[in-house]
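What follows is a set of notes on a single structure, which appears directly below.
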Protein chains: 2
Amino acid sequence: MVTMKDVGREAGVSAMTVSNVLRGNDNVAPETAKRVREAADKLHYRLNTTSLSARSLRVSTSRRGKEFGTIGLAIFELDQPYPSQLASLVSIEAEKRGYQTVVQQTRINELNERSIIERMSNQFCDGLLFSSSRLSAYEIETLSNHRPTVLLDDDRRQTDIDTVLTPCEAGAQAAITYLHGIGRRRIGIIGANPAVNEVSLEDSRITKGRRITGCRIAFEELGMTWNPARVIPTPWNNVDARQAVHTYESTIRDCDALFCMTDTVAFGVIRGLKDIGLDVPRDIAIIGFDGIAMGASMVPSLTTVAVDIEDIARRSVDLLIRRIDDEPNLPHQRVTATFHIERRESA
Amino acid sequence: MVTMKDVGREAGVSAMTVSNVLRGNDNVAPETAKRVREAADKLHYRLNTTSLSARSLRVSTSRRGKEFGTIGLAIFELDQPYPSQLASLVSIEAEKRGYQTVVQQTRINELNERSIIERMSNQFCDGLLFSSSRLSAYEIETLSNHRPTVLLDDDRRQTDIDTVLTPCEAGAQAAITYLHGIGRRRIGIIGANPAVNEVSLEDSRITKGRRITGCRIAFEELGMTWNPARVIPTPWNNVDARQAVHTYESTIRDCDALFCMTDTVAFGVIRGLKDIGLDVPRDIAIIGFDGIAMGASMVPSLTTVAVDIEDIARRSVDLLIRRIDDEPNLPHQRVTATFHIERRESA
DNA sequence: CTGAAAGCGCTAACAT
DNA sequence: ATGTTAGCGCTTTCAG
């Protein structure tokens, strides 16, 4: 391997000068710089990143939040509107506070998650924002070297990691109540897990289960009968959701409203309903969940439980930076984002 | 961060002994080992992978980044479908080749771009995928320390950086030709830059200009008169595109087809046309550009110039890894992705 | 059995 | 304008 020292020897200067030239510092005589660049070319010199990160250990420990910090965001998908928007907003919030954000996609793959946590925490970042997975808190702590970490939307009631939650129960409850309020009584729910039993359907630790739980609470409070047959499973993407409308057509034709567990599901469902000739909202009212930006431009525009995604971004970045900058011994917080019902054409 | 030294201090031994215990070497007294392990637990010690790899420089010179490769992707927006999808696909392609991908959003801000290139190239990554900006190639090379870099969709005809291009001219040409082929003659274009003159409108170095150029070529070849009044400016997002339909309503009512310069623009335009009571495709045919996944689920579904985004991801990752792994002196390549017209309901 | 020293490639801070 | 020193966390070597 060619090192700066080698280049320096070739050019008749020290490694330090090579470093200066290659990083574009202007404290080197043009003559010398030229000689150095030629030597580097000749020897095919390449900067060694490994030693750079070794170096950065030193820098980052002494820096302590002064200059440029980096926060990592590990998120399940990059090509879906909700996580994309969240990533973008986290990026912006972090920038306001002088931090850069690097994003990695986990694809909800445990192996990925593990190596991402390890790399991000140990090599790249001053702190990590980690979106929901089934890794144990203990494992996250261990892999991250007990570095500052904030969990997003992970409701396993562990109190030893900072967490920012989506208002799943309250939001779902509000959705059902809204549909009830506009006179709908045959309300279906779409976006559940394919469940083998009632318990797994409502697994309260995970997002899907928490939203179902919110629905049930609403049904009870409104005195409506809970009908599991009207809980339709589908993965949270528009293609599968559209397909589900076809698969569960008879169930859906029996409903006068559908609560879609995400806006992306709603997008696919609206398309599916078009396929089978049902009009939204006349034949069937649709309400989504998330409040993604494109909901406003759908045809019809989407009524939805609009989570304040900016609030999530802001609070999670705040929590994380607080832990990076300040005492690591602060008590752990668990906060829930706000939401409102965004009333549009679909319901 | 807790180091072996810290653990050693806690246990009353040297860092060396800690190292021996933690790696399971049997040359430590059981008593001591126990004490060390307890101290490590108490302080939440974890082996620091960074310094391990630094160390490995010394041990084996032949490491050459195989085991832990990381590539960086700097992209303009994270909350728009096209860049999100690209990021996701790059991530997947890189993973197939044993590389992790970290993504940063530039928001087309030069300051951001500069610091992202600097940080990513020098601290995080073995190579950088950089999507279109106005930074000079020279500046990119300098900031990145001449590390492996592949440009995405940057057509400044510089030959000294690997580049993967979207088929802007050919795709736009195909779009116009398609609209002509289905009998439309009053074709408008939406998504241009607000231009002060014809030249800036067609600035051939940038994506928008290249698509306009493709349109002009098609108009000429089809013997249609080029009418600049039918070129409508709008930023590339659905909200502004929808608004533009209202602002340019009279122009649009005079058209029987619109080429939308991106699918996201098309999404907003379709919504805008709904607002003003125009039917797609009866009153006006719509064709988009990009081939984002959600186009298939829009109402109506979107006919579009479907760029093979997977092809872009694959080729850019290939190019980059080739340059990371192999000789850095390979000739620079400039490749263009493939596309096809995806025929759906909107045209 | 235990630990001191050296050194991996690089660069901030200081010296010349 | 250029060089010297020190040190990032760890492990190999070798001396106690």
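Since we're looking at a predicted model, the values are computed, not measured. Below, chain A is the first sequence line, B the second, and so on; all start at residue 1.
Atom CG in Leu43(B) sits about 15 Å away from atom P in dG9(D), given to the nearest Å. To the nearest angstrom, P of dA12(C) lies 8 Å from CG of Asn25(A). Atom CG in Asn20(B) sits roughly 13 Å away from atom C1' in dC14(D) (whole-Å rounding). In this structure, the CG atom of Asp6(B) is 9 Å from the P atom of dG9(D), given to the nearest Å. We find that CG of Asn27(B) is positioned 11 Å from P of dT12(D), with the value rounded to whole Å. Remark: P of dG3(C) and NZ of Lys5(B) are 14 Å apart, rounded to the nearest angstrom. Between Arg9(B) atom CZ and dG3(C) atom P the separation is 14 Å, expressed in whole Å. Distance Arg35(A) CZ to dA1(D) P: 14 Å, rounded to the nearest Å.
When Arg35(B), Lys34(B), Lys42(B) are each tested for a salt bridge (Lys or Arg N to Asp or Glu O under 4.0 Å) with Glu38(B), only one passes: Lys34(B). Of the residues Thr101(B), Asp318(B), Val317(B), the one that meets the side chain to side chain contact (heavy atoms under 4.5 Å, CB included) test with Glu93(B) is Val317(B).
Using a 4.0 Å heavy-atom criterion, one finds that Met16(A) contacts the bases of the nucleic acid, with or without backbone contacts as well.
Two residues, Pro30(A) and Ala15(A), neighbour DNA chain D, and the one matched to the more 5' nucleotide by heavy-atom proximity is Pro30(A).
The shortest non-hydrogen separation linking Ala87(B) to Leu78(A) is CB-CD2, 3.9 Å.
Side-chain contact check for Leu73(B) versus Leu152(B): some heavy-atom pair is nearer than 4.5 Å.
Proximity note for Thr3(B) (side chain, C-beta onward) versus dG9(D), dT2(D), dG3(C): the nearest is dG9(D). Distance from the side chain of Thr32(A) is smallest for dA1(D) among the nucleotides dC10(D), dA1(D), dT13(D). Minimum atom distance to the side chain of Ser14(B) is reached by dG3(C), of the listed dT11(C), dG3(C), dT2(C).
The shortest distance between the side-chain N/O atoms of Thr17(B) and the OP1/OP2 oxygens of dG3(C) is below 4.0 Å. Remark: Ser19(B) is in phosphate contact with dT11(D), judged by side-chain N or O atoms under 4.0 Å from OP1 or OP2. Put simply, Tyr45(B) has a side-chain N or O that comes within less than 4.0 Å of OP1 or OP2 on dC10(D).
By the neighbour-count criterion of 12 heavy atoms within 6.0 Å, atom CG of Asn27(B) is densely surrounded, having more than that number from other residues, nucleotides or ligands.
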